[in-house]
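A short worksheet on the structure shown next.
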There are 2 protein chains.
Amino acid sequence: MNILYDERLDGVLPRVDKAALLIELRAALPDLEILHEAEDLHPYECDGLSAYRTTPMLVVLPERVEQVETLLKLCHRLQVPVVARGAGTGLSGGALPLEQGILLVMARFKRILEIDPVGRFARVQPGVRNLAISQAAAPHGLYYAPDPSSQIACSIGGNVAENAGGVHCLKYGLTVHNVLRLEIVTIEGERMTLGSDALDSPGFDLLALFMGSEGMLGVVVEVTVRLLPRPQVAKVALASFDDVARAGGAVADIIAAGIIPGGLEMMDNLAIRAAEDFIHAGYPVDAAAILICELDGVESDVHEDCLRVRDILERAGATEVRQARDEEERQKFWAGRKNAFPAVGRISPDYYCMDGTIPRRELPRVLEGIARLSAECGLRVANVFHAGDGNMHPLILFDANQPGELARAEELGGKILELCVAVGGSITGEHGVGREKINQMCSQFNAEELTLFHAVKAAFDPQGLLNPGKNIPTLHRCAEFGAMHIHRGQLPFPELERF
Amino acid sequence: MNILYDERLDGVLPRVDKAALLIELRAALPDLEILHEAEDLHPYECDGLSAYRTTPMLVVLPERVEQVETLLKLCHRLQVPVVARGAGTGLSGGALPLEQGILLVMARFKRILEIDPVGRFARVQPGVRNLAISQAAAPHGLYYAPDPSSQIACSIGGNVAENAGGVHCLKYGLTVHNVLRLEIVTIEGERMTLGSDALDSPGFDLLALFMGSEGMLGVVVEVTVRLLPRPQVAKVALASFDDVARAGGAVADIIAAGIIPGGLEMMDNLAIRAAEDFIHAGYPVDAAAILICELDGVESDVHEDCLRVRDILERAGATEVRQARDEEERQKFWAGRKNAFPAVGRISPDYYCMDGTIPRRELPRVLEGIARLSAECGLRVANVFHAGDGNMHPLILFDANQPGELARAEELGGKILELCVAVGGSITGEHGVGREKINQMCSQFNAEELTLFHAVKAAFDPQGLLNPGKNIPTLHRCAEFGAMHIHRGQLPFPELERF
């Protein structure tokens, strides 16, 4: 599907004359690299959510903060929309460009400015890759905790924009819990500091407000992240179950026992088989579900918790519990999980990755609901998820070449997300809303709440020039989409009342 | 000092006719308890910052959320300012009432609605006391981590309003890190949910924005907090130093070694002597400074870290390191620290408690700066602080009955906070801004930043009816106060350049 310029933005934003804009830009920023030919713009048509594509009007690649300031001042004066982009690995189309706007690529801001082992923070530019921070901190025995699966490629600026998570965020939190300070540039071209190296910052918590704001409030030009001491040891157990709900119950039991695993992941049979076929991780291909439970910390502590976890898993009905014998096997267990998405990509022409979160106790009920919705719709769903924190990634398998399958996949995806909202969860865990889930926001929030979001947005960007059409739907769009706000506990589908 | 109605609010807010308001209130809310006689209003003149006092026009004590909705709707229609109040233990005058406004006391909302040991959260009303949550969670082996010294009395709603901390927030975070969901009522009387029980919530992070917002954005009517498993063991070491800077260095060494203590507190000689005299905690009265370092977790882990900490302390120059022999002695070590404020109150007619935060590495330099400012001003300063996270509580000793001493204490306090800002810290760690530090906000933030705060405030409360005159100064006030915004690294006093 090739989503062109979002017609809903017409009338809201003035149309821009590309040639005139180019002249203005070159005059104001003679040393700024600007891409404007069709073949140069092509690679920037989409981010990691490749189903949505738009050719940006212009792409700019600044290298210095002053250039960003001047650029935004100019865009503000000329009323030109701006979409900021990090490494372009986002999965919800947050960096999808606009036909009538500038794509501001921050990829060249890749300097690590400071590593402070006593203050335990790293000050970096927004284009620095997530993994590069941990590599730079490694000589001090420190690392940056949030680890999205794309951590080799994704940038910390993009992590901030989407409030990225990862397999370890059960224990160590999302991006919002690991960023201390941001330097940003407002749409008026003003540079500002949010947060501080110190414990707390007075006034309103604009730092947290920026996390996950998808470039709608300002452009991040510097990020100070918290560094953590690397755990002495990490051990992984792999548990097999012949029943998915029982695996869900085991998750609840581990948490209820007061253990906080570094990671606690679940995969169902379809995902297990796909991953095993691809990675040969040693997964039990006949299991209905597996749990991967990592414990990290100091040696003695981890040893003790491993015994307790094994006991809990066995009592919860695990048919087998295997502990990784060595670091190599541990890495293999993880590799299967971390490559589950591409693995599923090998068994289906296309797949659609969802990212809902639910309260942990609802795991069995939601899994049952997904199975029923999947059967009704006639599309297979592979379940891979951060079970410990209730962040689900159902992968809907379909074939875009079969007429109507894409539409059915989207419909099924929408229903799964609405089920998440109905049990008290949300439509996103760590991938953001972006362009993809903007309609589902109408289910998640009511008109008053959306109005408040728009008012907050207007406090930063009254003209709506920063990444318009993402994250927060207009009330008009919700009315058009025909979405009903779902109250917690109110199941959207009568057929689900049974659960 | 008896601060009457803040004249700066005149002209901004309409004056209110008390008799007419009372009639309207009684008509709209016949079962709402309203206090309006002078003797009934007296106890509500101030919060924990007793230096500032104002008699509220009316005090209301609702018991149900619907009453709060109706009340705020009415105040919105009649343009009556509203100040919300929890237990009134705040230390920055955040709940200081207005002569021309209603004081909305949330003390009767004291029901614990739900404890979920699997989801590990507690859903409570805002008037529930901080400690009561941990007590209710105790049968499940869980507790609520943030522990302000006032935890026996302070309410969770007030904790949210001030983003309260405590001696354990180095390891477990401030209130913002431990709250999952809020139910709030807007000034228009609309009820709204911020955050969710699930991992993440899409849209802008209004939940975090509410933390520390001092009742300026809405009134909190329900709080869902995260519960943590109670650590198996907690052990405390008490280290003596004959030099304050060396104690500061030891703090940096512990953190740099990758140890995260449950609490890491420092007291200087004046504070040690006052506390020992009052509590008989067994502190070394001749030490220039002591560190109290608590390690918590599982037995074996804590044991190992205790040995490492002792080693670090000794190498950093501690003259003595004593480990609490048993739980009783551990409690005694903490009692001395937790009662340091009243202890200092016994050795001086009055004291003024500051709450600045600084980057950890600046501890020695700031301590030296405070000593110099104290000498220059001729007032003694006792230093008590959460050293691990750089949250300082210098206590300025003075006698309000000596002409000019209060003014000198306030001036010294202002200079200490400006020093904190200059080294990259902030004017508050956990007590909030309230009425007390509103002028210092002009040093902390520049005009663009303050303008942004006001725009965010206006998104929730365009008429400025919720707790006006607190937290965020007007630009006009800053101009009047003659404050200069201090840039990081720019020392405000030439005499401090030496450090």
Side-chain angles (χ1 to χ4, degrees), chain A residues 116-120 141 163 165 174 176-177 190 192 196-206 208-209 211-213 229 252 255-256 258 297-298 300-301 304 357-361 389-391 424-430 433 437 441 444-445 448-449 452-453 455-456 458-460 471-472, chain B residues 116-120 141 163 165 174 176-177 190 192 196-206 208-209 211-213 229 252 255-256 258 297-298 300-301 304 357-361 389-391 424-430 433 437 441 444-445 448-449 452-453 455-456 458-460 471-472:
Chain A
D116 180 333
V118 174
R120 274 201 199 143
N163 191 18
L174 298 165
V176 65
H177 305 109
E190 299 283 351
M192 224 170 257
S196 76
D197 300 348
L199 171 70
D200 188 23
S201 187
F204 299 128
D205 191 350
L206 304 186
L209 193 64
M211 299 293 147
S213 65
I255 302 293
V298 297
S300 50
D301 179 2
E304 193 171 313
T357 63
I358 55 168
R360 271 191 293 266
R361 64 174 180 281
D389 47 26
N391 184 191
S426 88
I427 61 167
T428 173
E430 52 184 16
V433 174
K437 277 174 291 195
M441 286 290 280
Q444 179 98 57
F445 295 102
E448 284 76 25
E449 289 164 332
L452 199 49
F453 283 141
V456 169
F460 288 82
N471 202 356
I472 314 291
Chain B
D116 181 332
V118 174
R120 275 202 197 143
N163 191 17
L174 297 166
V176 64
H177 305 108
E190 298 283 353
M192 223 170 256
S196 76
D197 300 348
L199 172 71
D200 189 22
S201 187
F204 299 128
D205 191 350
L206 304 186
L209 192 63
M211 299 293 147
S213 65
I255 301 295
V298 297
S300 50
D301 179 1
E304 192 171 314
T357 63
I358 55 168
R360 271 191 292 267
R361 64 173 178 280
D389 47 26
N391 184 191
S426 87
I427 61 167
T428 174
E430 54 184 16
V433 174
K437 277 175 291 196
M441 286 290 281
Q444 178 98 56
F445 296 103
E448 284 77 22
E449 289 163 333
L452 199 49
F453 283 142
V456 169
F460 289 81
N471 202 354
I472 314 290

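Reminder, nothing fancy here: chain letters follow the sequence lines and each chain counts from 1.
- Across G297(A), P229(A), G165(A), the residue that shares the most heavy-atom pairs under 4.5 angstrom with chain B is P229(A).
- In this structure, the portions of V118(B) lying under 4.5 Å from any heavy atom of chain A include both its backbone and its side chain.
- In this structure, chain B has no heavy atom under 4.5 Å from any part of A458(A).
- When the candidates I472(B), L452(B), I427(B) are compared by the number of heavy-atom contacts under 4.5 Å with chain A, L452(B) comes out ahead.
- Between chain A and the options R120(B), E190(B), K437(B), heavy-atom pairs under 4.5 Å are most frequent for R120(B).
- Contacts of D301(B) with chain A are made by both backbone and side-chain atoms, with heavy-atom separations under 4.5 Å.
- With P202(A) as the partner, the side chain to side chain contact (heavy atoms under 4.5 Å, CB included) test is satisfied by one option alone out of N471(B), T428(B), N163(B): T428(B).
- Summarising the geometry of V456(B) relative to A459(A), their closest heavy-atom pair is N-CB, 3.7 Å, with the distance given to 0.1 Å.
- Here R360(B) is the residue among E304(B), M211(B), R360(B) with the most heavy-atom pairs under 4.5 Å with chain A.
- With sequence neighbours excluded, the residues forming a salt bridge (Lys or Arg N to Asp or Glu O under 4.0 Å) with D116(B) are R361(A), listed by chain and number.
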